[in-house]
Amino acid sequence: MAYLDLSGQFDYMQNLDEIEKLTKIISKLPGLGPKSAKRIILKLINSRDELMKPMANSLAEIYSNISRCSSCGALKSKKSVCKNCDVNEKKHNKICVVENIADQWSIENSNIYQGYFHILGGTLSSSNNQKKEDLLVSSLVDRANKDSIDEVIIATSATVEGQTTAHYIKDSLKDTNVKVSKLAQGLPVGGEIESLDDGTLFSAFKNRKSLENNSD
Ligand SMILES: [Zn+2]
């Protein structure tokens, strides 16, 4: 089916309230400004049935079904149990603690680590209002106390906030029997997990160091 070419219609588009509204929303997404937002909207308008409708449905579905698990912080569908921390699935003996979901995805994509994840939902910082209570730490202690878990690997960023948070987690786990380790110094200072290449991540995991002796 041939579609009307709307590429010369940017000025006209700007006067439509509905499009202005969506442009403002899309411009808030990472890496997108008003210009690319308009390009996306044009593409959607030109592919109403192939793109716009399935996208609208898909967004509505994600909005109502997908949320963070209250125990491990990973994304889960309300249609099923959390695949990351389902108590009936004792397939791993390690938990990797990360700051956010993007970090989990980076580590998963690199295939370096086989185990459970625990997503804190941020870091401790003096410069923002993130409080200890905002981070999912007490449920981490509960998870670490399960018999099947041998090791908790702290994979927070090599930033001041990330390291402060690592300290706090290590402290919170002191009454458990698990081995607590932290990613190795291979991490560049200021390095955020999400932005590391697979090689750096691999050596950071492989050379992770135990925090048992209060050395750090
Ligand atoms: Zn979970």
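First listed ligand is number 1; within each ligand, the first listed atom is number 1.
Residues K79 and E61 are not paired through a salt bridge, judged by the lack of any N-O separation under 4.0 Å between the basic side chain and the carboxylate. A salt bridge links K38 with E20: at least one charged nitrogen is closer than 4.0 Å to a carboxylate oxygen.
Excluding waters, the protein N/O/S atoms found under 2.8 Å from the Zn ion (ligand 1) are C69 SG, C72 SG, C82 SG, C85 SG.
Residues passing the salt bridge (Lys or Arg N to Asp or Glu O under 4.0 Å) test with R143: none are found, sequence neighbours excluded. Every residue meeting the side chain to side chain contact (heavy atoms under 4.5 Å, CB included) condition with N145, not counting sequence neighbours, appears here in chain and number order: V141, T176.
Remark: the S181 side chain and the E151 side chain contain an N/O donor-acceptor pair separated by less than 3.5 Å.
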N/O donor-acceptor pairs under 3.5 Å from side chains in residues 107-114, not counting sequence neighbours:
residue : atom : partner : partner atom : Å
E108    : OE2  : Q104    : NE2          : 3.1
N109    : ND2  : W105    : O            : 3.2
S110    : OG   : I107    : O            : 2.7
Y113    : OH   : K94     : O            : 3.1
Y113    : OH   : C96     : N            : 3.0
Y113    : OH   : Y116    : N            : 3.2
Y113    : OH   : Y116    : O            : 2.5

